[in-house]
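Before any comments, here is the structure.
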Amino acid sequence: MISKAKIKLIKSLEMKKHRTSEGLFVAEGPKVIEELSKICKPIEVFEGEDAQKASFLQHPQGVLALFPTDIFSNIKPSSELKLMLDGVQDPGNLGTIIRIADWFGIDHIYCSRETADVFNPKVVQATMGSLARVKVEYTDLAPLLDSLPDDYPVYGTLLDGNNIYNERLENRGIIVMGNEGNGISEEIRKRVNRRLLIPSFPPERPTAESLNVAIATAIVCAEFRAPHPTSP
């Protein structure tokens, strides 16, 4: 039977400071745990009633595991196309974006330090195991972009961008996606050299003010992976 001290430890991992100090994060559900176990052995696994007592979920899935936060050392990115997240704050959005990246063969995501923590239980759950195949790296974005060659493609979705469906898209470079409310920050925006727009349809029709950032990421990634006559 799981101890009260162990439950207290697991519950504390809902907070980033405790995940950092303990070097642990929580994964729940057989699918997520199975995928993560392919790259890293869990520290401890709890099942049945024990898992239910410690669960963060409204509907516990019968199994919960603790993993070390250094799992990304086991992922060796190979894709020439990468994502960059500039202040994406909603854990559900971040988890969904990681899952989208995995689907479209993008295995490296750079995150600003203001972006939600990848080991937040809600993020881990939303990835549905894709965390095992996508390296997520937190860094200062501007210096990283400044270190790239001048002709390196840095794509960003902006209101004054060019229609993405008419643009020549390369299968290399960085795709920048911005904050849910404010989009890409001014600091990063001026470093974008391939400005893109996802147009509404038809253009003159009144419509929603904006797209959810995870949905926008899916549309952009799909377009990059689609065959185009103008693609190299």
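The first residue in the sequence is number 1, and the count goes up from there.
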Quiz prompt | Between Glu180 and Asn93, a side-chain donor and acceptor under 3.5 Å | solution = yes
Quiz item: What is the minimum heavy-atom distance between Val88 and Gly178, and which atoms define it?
Solution: CG2-O, 3.6 Å
Quiz prompt | Pro68 versus Phe25, closest heavy-atom pair with distance | solution = O-CE2, 3.3 Å
Quiz item: Does a side-chain heavy-atom distance below 4.5 Å link Asn162 with Leu196?
Solution: no
Exercise. Can you see which heavy atom on Val118 is nearest to which on Tyr138, and at what distance?
Key: N-OH, 2.8 Å
Self-check item: Ile100 to Ala214 - nearest heavy-atom pair and separation
Solution: CD1-O, 3.2 Å
Quiz item: How far apart are the C-alpha atoms of Thr115 and Gln89, what are their side-chain angles, what is the distance that settles it, and do they pass the side chain to side chain donor-acceptor pair (under 3.5 Å) test?
Solution: CA-CA 5 Å; Thr115 295; Gln89 296 180 335; over 6 Å; no
Practice problem: Identify whether Leu211 and Met177 are in the same connected component of the hydrophobic contact network (ILVMFWY, side-chain heavy atoms under 4.5 Å). | Solution: yes
Quiz item: Would Lys38 and Glu35 pass as an ion pair if we require N to O under 4.0 Å?
Solution: yes
Self-check item: Residues Glu186 and Lys190 bridged, charged N to O under 4.0 Å
Solution: no
Quiz item: If you look only at pairs with a residue in residues 94-104, which of them pass as a side chain to side chain donor-acceptor pair (under 3.5 Å), with sequence neighbours excluded?
Solution: Asp102-Ser130, Asp102-Arg133
Exercise. Treat each ILVMFWY residue as a node, draw an edge where side-chain heavy atoms are under 4.5 Å apart, and state whether Phe224 and Val134 are in one component.
Key: yes
Quiz item: Do Phe119 and Phe72 have ring centres separated by under 6.0 Å?
Solution: yes
Practice problem: Return yes if some donor-acceptor pair links the side-chain N/O of Ser55 with the main-chain N/O of Gln52 below 3.5 Å, else return no. | Solution: no
Practice problem: First locate atom CE of Met1, then atom CD of Glu49, and finally report the distance between them rounded to the nearest 0.5 Å. | Solution: 6.0 Å
Quiz item: Can Asn171 and Arg225 be counted as having a side-chain donor-acceptor contact under 3.5 angstrom?
Solution: yes
Practice problem: Compare all side-chain heavy atoms of Met84 with those of Ile109 and state whether any distance is below 4.5 angstrom. | Solution: no
Quiz item: Is the backbone N or O of Glu170 less than 3.5 Å from a side-chain atom of Tyr155, with the two atoms forming a donor-acceptor pair by type?
Solution: yes
Quiz item: Got a donor-acceptor contact below 3.5 angstrom from the Ser79 side chain to the Leu81 backbone?
Solution: yes
Quiz item: Is the shortest heavy-atom distance from the side chain of Leu13 to the side chain of Leu66 under 4.5 Å?
Solution: yes
Quiz item: Are any of the side-chain heavy atoms of Ile10 and Ile2 separated by less than 4.5 Å?
Solution: yes
Exercise. In sequence, state the C-alpha distance, the side-chain angles, and the governing distance for Phe67 and Ile43, and then conclude on side chain to side chain contact (heavy atoms under 4.5 Å, CB included).
Key: CA-CA 5 Å; Phe67 285 89; Ile43 302 297; 5.8 Å; no
Quiz prompt | salt_bridge(Arg19, Asp117) N-O dist < 4.0 Å | solution = yes
Practice problem: Could you go through the side chain to side chain contact (heavy atoms under 4.5 Å, CB included) check for Arg195 and Asp160 one step at a time? | Solution: CA-CA 7 Å; Arg195 303 166 79 90; Asp160 61 349; 2.9 Å; yes
Quiz item: Side chains of Gln125 and Leu57: does their closest heavy-atom pair fall under 4.5 Å?
Solution: yes
Exercise. Kindly work out whether a path of hydrophobic side-chain contacts (I/L/V/M/F/W/Y, heavy atoms less than 4.5 Å apart) joins Leu197 to Ile188.
Key: no
Quiz item: What heavy-atom pair brings Ala27 and Val32 nearest, and what distance separates the two atoms?
Solution: CB-CG1, 3.9 Å
Exercise. Carefully, step by step, assess Cys221 and Ile106 under the rule side chain to side chain contact (heavy atoms under 4.5 Å, CB included).
Key: CA-CA 9 Å; Cys221 290; Ile106 299 172; 3.7 Å; yes
Quiz item: Atom CD of Glu80 and atom CD1 of Ile174: how far apart are they, to the nearest 0.5 Å?
Solution: 12.5 Å
Quiz prompt | Pairwise side-chain contact, Asn193 with Tyr152, heavy-atom cut-off 4.5 Å (strictly under) | solution = no
Self-check item: Between CG on residue Asp107 and NZ on residue Lys135, distance to nearest 0.5 Å
Solution: 10.0 Å
Practice problem: Decide whether Asp86 and Ser185 meet the rule of one side-chain donor and one side-chain acceptor closer than 3.5 Å. | Solution: yes
Quiz item: Between Glu187 and Arg189, is the closest basic N to carboxylate O distance under 4.0 Å?
Solution: no
Quiz item: Would Leu24 and Val45 show up in the same hydrophobic cluster when neighbours are defined by side-chain heavy atoms closer than 4.5 Å?
Solution: no
Self-check item: Spacing of CD belonging to Glu167 relative to CZ belonging to Arg194, to within rounding of 0.5 Å
Solution: 9.5 Å
Quiz prompt | Main-chain N/O of Pro91 paired to Asn120 side chain as donor or acceptor, under 3.5 Å | solution = no
Quiz item: Of all heavy-atom pairs between Glu28 and Gln61, which one has the smallest distance, and what is that distance?
Solution: O-OE1, 4.5 Å
Quiz item: Do the side chains of Ile71 and Val26 join up, straight or via other hydrophobic residues, at under 4.5 Å, putting them in one cluster?
Solution: no
Quiz prompt | Sub-4.5 Å side-chain heavy-atom contact between Glu137 and Cys111 | solution = no
Practice problem: Would you give the length of the straight line joining atom CG of Leu9 to atom NE2 of His18, rounded to the nearest 0.5 angstrom? | Solution: 9.5 Å
Quiz item: Which pairs with one or both residues in residues 2-17 pass salt bridge (Lys or Arg N to Asp or Glu O under 4.0 Å), sequence neighbours excluded?
Solution: Lys6-Glu44
Exercise. With the side chain counted from C-beta on, respond yes when Val154 and Leu145 share a heavy-atom pair under 4.5 Å apart, and no when they do not.
Key: yes
Practice problem: Check whether any side-chain N or O of Lys76 sits under 3.5 Å from a backbone N or O of Ser73 as a donor-acceptor pair, and report yes or no. | Solution: yes
Quiz item: Is a side-chain N or O of Asn212 found less than 3.5 angstrom from the main chain of Ile215, in a donor-acceptor match?
Solution: yes
Quiz item: Any donor and acceptor pair, going by atom type alone, linking the side chain of Asn163 with main-chain N or O of Tyr165 inside 3.5 Å?
Solution: yes
Quiz prompt | Spacing of OG1 belonging to Thr217 relative to CD1 belonging to Ile175, to within rounding of 0.5 Å | solution = 8.5 Å
